[in-house]
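The structure under discussion appears below in the form of structure tokens.
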Number of protein chains: 2
Amino acid sequence: MATTTQNQTKRAVFELRRRIMNGELTGGTRLYEVALAEELDISRTPVREAMSRLAEEGLLERASGRGFMVRSFAYNDVVDAIELRGVLEGTAARLAAERGWEEARMSAVQETLAQLEKSVGSQPENVDFESYYEFNARFHDELGMLCSSEVVQRELDRAKSLPFASPSAFLPDQRALRDFHLSLIVAQSQHRGLVEAILARQGARAEAIAREHAMIARRNLEYILRDAAGAKPASLALLVE
Amino acid sequence: MATTTQNQTKRAVFELRRRIMNGELTGGTRLYEVALAEELDISRTPVREAMSRLAEEGLLERASGRGFMVRSFAYNDVVDAIELRGVLEGTAARLAAERGWEEARMSAVQETLAQLEKSVGSQPENVDFESYYEFNARFHDELGMLCSSEVVQRELDRAKSLPFASPSAFLPDQRALRDFHLSLIVAQSQHRGLVEAILARQGARAEAIAREHAMIARRNLEYILRDAAGAKPASLALLVE
DNA sequence: CCTTGTCGCAATGTATACATAAACCCGTCG
DNA sequence: CGACGGGTTTATGTATACATTGCGACAAGG
């Protein structure tokens with residue numbers, strides 16, 4: 001058979017992550033090795049390996065002696081994850097300001113900032129959502145890498161990978177478009193302020209802005225939950241920051 | 001043979017962690033499944049399982065396609081880990097102040113604080129080091145649990161488990177005793193201030209104190225490294241906060 | 001002498017059989 | 001009728017054989 005037989009683990013990781021993020025597997029669900037192995041038509045070993053990696057990522061948790069469970073993220077947990085992400089991003093920004101940065105990385109940040117600027121546009125109708133989400137994610141990633149501390153970078157990455165801590169897409173309906181565009185403008189001004197503060201080596205200010213910035217994500221979370229009340233978990237992934 | 005055959009994984013985890021913390025395994029070292037399996041006289045499976053768990057803890061890192069490596073902690077990383085711990089502890093304290101706490105947990109914190117008080121004593125000669133370390137660790141643990149956010153608690157626990165981020169013992173020589181006692185007094189006043197700030201629901205102040213508090217750990221790190229220059233990694237575990 | 005291709009080894013990836021422990025079911029006894 | 005106990009079932013823990021890949025050594029050719 002032509003099967004690769006070498007990427008079973010990756011496949012399992014991918015598939016499990018997809019199911020969790022989609023809401024097919026909801027929090028608290030126990031995962032059974034044998035069942036998954038049969039379902040994916042692989043052996044228990046790569047399944048275990050995959051679950052182990054997802055536990056590392058924070059999507060699963062070990063239930064000692066009882067395999068793994070899907071980690072549950074209630075509304076409050078999502079809010080906390082956003083809070084945490086803001087705190088860590090703030091720390092990263094402060095450290096960058098305090099300790100300095102590599103010029104190349106700063107250039108990258110500034111370039112992305114400029115592209116982000118373009119994609120927002122001045123009128124609600126002109127927003128290029130697709131680019132916006134792409135550049136926004138890139139901006140935050142590059143911002144994190146600006147700080148020289150690998151320890152902080154690592155934890156920040158972890159925090160960002162927590163479900164919905166780093167929402168990636170939300171297409172507002174006609175009615176919401178205006179509000180939404182406004183929040184993009186605010187976010188963008190925070191992005192600019194953040195970079196300026198770091199350049200001016202004002203660590204405390206940079207940190208404060210980063211934390212403030214996280215509140216936009218939180219507000220949008222509330223907005224969506226109120227508006228699309230019956231939404232499936234999947235739609236939680238459709239937030240913007 | 002009487003072997004339990006059921007706790008092989010735990011044994012392997014324990015042994016590996018011990019070696020890493022002792023400095024027998026230094027950063028960057030690659031771990032080989034077969035070698036370890038033979039050495040511990042168990043099969044590869046529990047060894048893999050153990051390495052996987054230690055990766056989750058942050059002590060090892062996956063080298064894709066090449067097993068695991070001992071995560072390396074240079075001096076700067078240790079400093080960063082302390083910084084990170086301070087930030088997260090500050091966040092936990094702030095959230096506790098902002099969102100409230102369970103009365104039972106607060107009682108526990110206050111009781112531990114009182115016992116900590118006793119073990120410091122008023123004179124350098126009277127310090128009961130053993131109790132001090134015990135109660136200090138307990139105090140910080142209970143403080144973390146005060147905040148209702150599981151997400152933050154979890155990351156805080158992770159940060160504390162990073163090598164040397166949460167130093168546990170340091171017995172000063174005669175010459176350093178006085179300085180050391182002084183730092184304990186400062187630390188203790190911070191502990192008190194932290195609890196007071198939370199009780200007064202002053203989140204920002206609590207956060208600031210927690211961060212300041214972490215600096216004591218950092219200063220002691222520097223102190224030891226300067227004093228006992230040739231010390232093995234093991235002695236890094238002998239810091240105080 | 002340097003370059004390049006191939007072969008072989010060593011290490012991890014995968015499958016699977018077997019061991020063990022805990023949950024469950026059911027029957028019996030109080 | 002409920003609670004306890006033993007057997008059965010089920011899921012994870014462990015051992016081990018086999019597959020596959022990546023790297024290095026060695027040889028052949030430029």
Side-chain angles (χ1 to χ4, degrees), chain A residues 1-20 24-72 154, chain B residues 1-20 24-72 154:
Chain A
M1 53 190 186
T3 176
T4 66
T5 156
Q6 191 60 323
N7 281 346
Q8 317 289 49
T9 297
K10 280 185 188 171
R11 261 185 51 213
V13 167
F14 184 84
E15 179 62 17
L16 278 175
R17 192 178 8 233
R18 190 189 63 73
R19 292 188 187 183
I20 295 171
E24 292 173 39
L25 289 171
T26 62
T29 307
R30 182 170 167 189
L31 297 179
Y32 298 95
E33 294 179 3
V34 273
L36 279 169
E38 281 176 13
E39 211 174 317
L40 302 178
D41 197 39
I42 56 181
S43 79
R44 281 173 54 205
T45 315
V47 172
R48 277 171 80 100
E49 178 71 17
M51 295 198 294
S52 192
R53 292 190 193 194
L54 289 169
E56 218 166 307
E57 241 178 81
L59 260 52
L60 301 182
E61 52 191 347
R62 293 193 136 89
S64 93
R66 229 164 304 177
F68 294 83
M69 281 176 37
V70 178
R71 184 166 163 196
S72 52
R154 179 182 303 250
Chain B
M1 53 188 190
T3 175
T4 65
T5 158
Q6 191 59 325
N7 282 345
Q8 317 289 49
T9 297
K10 281 187 188 171
R11 261 186 50 213
V13 167
F14 184 84
E15 179 62 16
L16 277 175
R17 185 168 24 223
R18 190 188 64 74
R19 292 188 189 183
I20 294 170
E24 292 174 39
L25 289 172
T26 62
T29 307
R30 181 170 169 191
L31 296 180
Y32 298 95
E33 294 179 3
V34 274
L36 280 170
E38 282 175 13
E39 213 175 313
L40 301 178
D41 197 39
I42 56 182
S43 80
R44 279 174 56 207
T45 314
V47 171
R48 277 172 80 102
E49 179 71 17
M51 295 198 293
S52 196
R53 294 191 190 193
L54 289 170
E56 217 165 307
E57 241 176 82
L59 259 52
L60 301 182
E61 51 192 345
R62 294 194 134 90
S64 94
R66 229 165 303 176
F68 294 83
M69 281 176 36
V70 178
R71 184 164 163 197
S72 52
R154 180 184 303 252

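Throughout, protein chains are lettered first and strands after them, A, B, ... in sequence-line order, and every chain is numbered starting at 1. Remember, predicted model here, so these are calculated numbers, not experimental data.
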How many whole angstroms separate atom [atom1] of [X] from atom [atom2] of [N]?
| X | N | atom1 | atom2 | result |
| --- | --- | --- | --- | --- |
| Ile42(B) | dC18(C) | CD1 | P | 22 Å |
| Arg48(B) | dA15(C) | CZ | P | 12 Å |
| Glu49(B) | dT12(C) | CD | P | 16 Å |
| Glu33(A) | dT20(C) | CD | C1' | 14 Å |
| Glu38(B) | dA11(C) | CD | P | 10 Å |
| Phe68(B) | dA11(C) | CZ | C1' | 13 Å |
| Met51(A) | dG13(D) | CE | P | 9 Å |

Original post:
Does atom CZ of Arg66(A) have more than 12 heavy-atom neighbours, drawn from other residues, nucleotides or ligands, at distances under 6.0 Å?
Top reply: no
Subject >> Least distance between heavy atoms, Arg44(B) atom then Val34(B) atom >> reply: CD-CG1, 3.8 Å
What nucleotide among [options] has an atom nearest to a side-chain atom of [X]?
| X | options | value |
| --- | --- | --- |
| Arg66(B) | dT14(C), dC23(D), dT12(D) | dC23(D) |
| Thr45(A) | dT12(C), dT14(C), dT14(D) | dT14(C) |
| Arg30(B) | dA11(C), dG13(C), dT12(D) | dA11(C) |
| Tyr32(B) | dT14(D), dT12(C), dT14(C) | dT12(C) |
| Ser43(B) | dG13(C), dT12(C), dT16(D) | dT16(D) |
| Gln8(B) | dA15(D), dG13(C), dG13(D) | dA15(D) |

Subject >> Salt-bridge contact Glu49(B)-Arg53(B) (side-chain N to carboxylate O under 4.0 Å) >> reply: yes
Original post:
Among Leu40(A), Leu36(A), Ile20(A), whose side chain to side chain contact (heavy atoms under 4.5 Å, CB included) with Glu15(A) holds?
Top reply: Leu40(A)
Subject >> Residue of the set Ile42(A), Leu31(A), Val13(A), Leu16(A) for which side chain to side chain contact (heavy atoms under 4.5 Å, CB included) holds with Val47(A) >> reply: Ile42(A)
Original post:
Looking for any heavy atom pair under 4.0 Å, which part of the strands does Arg62(B) touch: base, sugar-phosphate only, or nothing?
Top reply: nothing
**OP:** May I ask you to say what Arg44(B) touches in the nucleic acid, namely base, sugar-phosphate or nothing, with a heavy-atom cut-off under 4.0 Å?
**Re:** base
